[in-house]
Amino acid sequence: MLYKAFLSYCHADRSWASWLHKTLEGYRVPGRLVGVSGLHGPVPKRLAPIFRDREELSSGVDLSEEIKQALADSETLLVVCSPAAAASKWVNREIEQFRELGKDRIYCVIVDGDPNASSADAACFPPALLQDEQHELIEPLAADVRPWADGKALARSKLAAALLGVRLDDLRQREKKRKRKIQAFAIIAMFAVIVLLAFSVQSRLAEQEAQLARAAQQASAEKMLASFLDQAEKLRDVADLETRKSFQDVMTRYLAAFDEHDLSQQSRRQLGVMLANRGIILRDENQPSQAMEVFKQARQVLQALVDELGDDPESLFELSQVEYWIGQVYVDLGQAQQAAPYYSAYAAISEKLHSIEPQNADWTMEAAYAQSNLGALKLHVYPFDPMAAIQHYRTALELNQEAALLDQKYEHELADSHADLADAWIGICKMDEAMTQRLKTVELAETYYRQSPANNRLKQDYGHALSGLSILQRKSGQNEKALENLQRSLQIQEELVSEDPQNMIKRWSLLRKMAEQAKSLEVQGSVDASWEISLGAESAMRQFLAEHPVSIIDYQVDFAVFLKDFADRAFRANQLQAGRRLLNESIVMLEQAAETLPNNKTLQSELVSAYFYYWENHQGVLPEAVQSVDLALKGDVSDLATCLELGAASRQALLAGDREKAQEFVDRLLGHGFREAEFLRYCSRYGLC
């Protein structure tokens with residue numbers, strides 16, 4: 001073919017046609033794709049030439065011979081769609097002529113109008129686009145260049161992918177790499193400026209008196225700190241971990257030359273913020289102990305400042321952030337009890353700020369975050385209090401709604417607030433209430449992500465929302481919906497990891513989702529696919545933990561639970577040797593974790609389930625080290641609340657020979673709407689449901 005595409009448009013849209021023509025002919029195809037086999041043959045180096053008629057069509061009754069020949073010589077038809085195009089007989093005729101030539105590769109570019117409009121004035125698709133050569137109704141394939149839709153960049157990528165016959169993701173990786181390069185160049189340029197400034201300052205200092213030099217050095221440090229922190233804030237939601245880390249390293253080296261006591265109060269506050277940012281990066285790198293050390297350094301700097309300044313809001317705020325992060329790292333290390341005083345300190349400061357200035361959206365939102373953390377403690381620190389957790393989360397949601405009214409930027413946090421409330425309802429096995437909150441979480445998270453698709457924080461929130469809904473749907477017996485939402489979540493997480501491969505938290509989140517995928521596929525009857533994904537997840541998790549032996553304790557527990565579930569699948573597939581190997585390893589890991597976290601009810605419940613699987617597959621015998629079937633969860637069994645606890649308690653009762661008690665726990669679960677496939681297999685096998 002002579003032309004890659006024929007560009008059809010009405011002349012009212014000629015400025016859009018001109019942009020489209022230039023942007024596609026100038027598009028650089030990634031070198032790694034050139035020559036590979038695409039949907040339309042080998043991928044070319046360029047998307048050129050593209051035919052665009054620059055002359056007004058005459059008032060004749062048919063297309064010119066030149067236009068007809070150009071259509072015959074074009075692989076693809078690109079139609080610029082708008083109300084003017086929908087009313088143009090010539091655009092419509094070009095579409096008809098292209099189809100009469102036996103061609104069907106037609107792609108649309110919406111520049112104005114409503115693709116779903118019924119009125120002719122608002123419609124953007126020419127009539128010929130809405131039916132094929134057999135006059136069957138069809139839905140045109142369209143990219144939308146408008147800012148609230150795809151935007152120019154994504155629309156261009158969609159069209160380029162269609163013309164090249166490759167996946168959109170293949171091209172988007174190129175755009176992401178390009179964005180990272182631009183960020184890197186910007187940082188390098190800024191570093192060059194900093195170096196020049198440093199030399200300039202040094203030269204001046206050499207010529208001045210010592211006192212003036214000291215003052216100039218202090219002023220320079222303060223100015224640089226402000227600039228660094230401003231850039232770090234801008235990079236937080238768009239740059240990968242490696243870029244953020246490089247940026248922080250330069251900040252650290254710059255500050256090493258200064259004595260903390262030589263800095264002004266403003267600079268010391270900025271120093272505390274810089275240290276806190278470095279702690280966040282260390283945590284993302286799966287280095288919790290090093291992160292804790294840096295966070296405590298930041299706390300020391302900021303606490304000294306607060307002691308000097310009293311109720312200075314900015315200093316109080318930065319101190320509250322560090323209190324939170326220290327508490328969070330204790331939670332990461334499985335030491336939730338030690339996190340309590342830091343979370344409480346964070347809450348106290350946040351409430352103080354909110355009371356000082358109740359119309360300040362930032363302080364209102366901090367109070368909301370603090371309530372969420374206290375709610376989490378009620379679910380994870382012994383003695384447990386799920387109803388108190390629900391109250392904390394409700395208060396957090398109310399504060400979040402208040403903050404969103406004061407400042408629209410906090411609307412997207414509402415998704416997390418609803419997710420927290422869902423977790424609290426799951427904490428007392430109230431499936432209907434939890435489902436209401438999960439659905440709201442996904443609705444909000446998707447809305448905010450679609451508004452800002454380049455924001456990785458919003459993208460990650462959307463992926464987590466889908467995953468949380470998927471797990472709840474599976475527990476409620478909605479297996480098809482669960483798998484669909486999990487697949488969408490997995491795709492998002494894979495994109496996040498490909499953009500930020502050094503971020504260990506994102507990598508582990510992807511592995512957890514793979515484990516959930518294996519479970520969901522088995523429920524759907526895709527046993528072979530489930531087995532293959534399980535093998536892949538096992539290998540990847542082992543490699544991750546081998547590379548990072550001092551990991552967040554939840555990772556160790558996650559892996560142990562995955563091994564337990566994989567063992568159950570192996571036993572049911574009659575892979576007895578594999579099942580015993582996996583289960584024995586799971587039990588050892590769960591027992592070790594239980595020694596570290598003796599009051600963790602979730603962990604105790606998983607251990608009971610592991611013992612039960614052992615008992616089922618070893619002729620009714622428990623592991624030698626287990627002297628008794630009294631594997632009771634901490635506290636009175638009448639206080640058991642979560643679905644996981646109730647399921648474990650039922651199995652424990654059956655191990656003890658108390659069928660009546662086992663039946664009671666099963667009835668409670670069924671009454672709560674719990675319909676997880678593995679639980680239904682268990683209660684059916686033993687005649688309990």
Exercise: do D332 and Q328 side chains pair donor with acceptor under 3.5 Å: yes
Is there a side-chain contact between S509 and H464 in this structure, where contact means two heavy atoms from C-beta onward sitting under 4.5 Å apart? yes
Would you call R581 and E538 a salt bridge, taking side-chain N to carboxylate O under 4.0 Å as the test? yes
Any salt bridge linking K378 with D420? Criterion: basic side-chain nitrogen under 4.0 Å from a carboxylate oxygen. no
Could you check W325 against Y330 for ring-ring contact (aromatic ring centres under 6.0 Å, His included), going step by step and ending with a plain yes or no? CA-CA 9 Å; W325 281 113; Y330 272 123; over 10 Å; no
Quiz question: by atom type and distance under 3.5 Å, do the side chains of D554 and W508 form a donor-acceptor pair? no
Are Y369 and Y324 close enough, and set up right, to give a ring-ring contact (aromatic ring centres under 6.0 Å, His included), and what steps lead you there? CA-CA 9 Å; Y369 294 145; Y324 160 74; 8.1 Å; no
So, are E446 and R450 salt-bridged, with charged N and O less than 4.0 Å apart? yes
Do T436 and K440 have a side chain donor and acceptor closer than 3.5 Å? no
State whether the number of non-hydrogen atoms from other residues, nucleotides or ligands found under 6.0 Å of K564 atom NZ is greater than 12. yes
Taking Y611 as the fixed residue, which of E591, E606, Q652 is the one that meets the side-chain hydrogen bond (donor to acceptor under 3.5 Å, both in side chains) rule? E591
CD (Q524) with more than 12 external heavy atoms under 6.0 Å: yes
Using 30° and 60° as the class limits, which term best fits the ring planes of F562 and F559: parallel, tilted or perpendicular? parallel
Check the angle between the aromatic planes of H618 and Y614 and answer parallel, tilted or perpendicular using the 30° and 60° thresholds. parallel
For R474 and N479, the nearest pair of non-hydrogen atoms, with its separation, is O-OD1, 3.8 Å
Check the orientation of H412 and Y448. Use parallel for under 30°, tilted for 30 to 60°, and perpendicular for over 60°. perpendicular
Could you tell me whether the side chains of E676 and Y682 share a donor-acceptor contact shorter than 3.5 Å? no
So for atom CD, which belongs to E547, do other residues, nucleotides or ligands contribute more than 12 heavy atoms lying within a distance under 6.0 Å? yes
So, applying salt bridge (charged side-chain N to carboxylate O under 4.0 Å, His left out) with E678, which one of R685, R651, R569 is it? R651
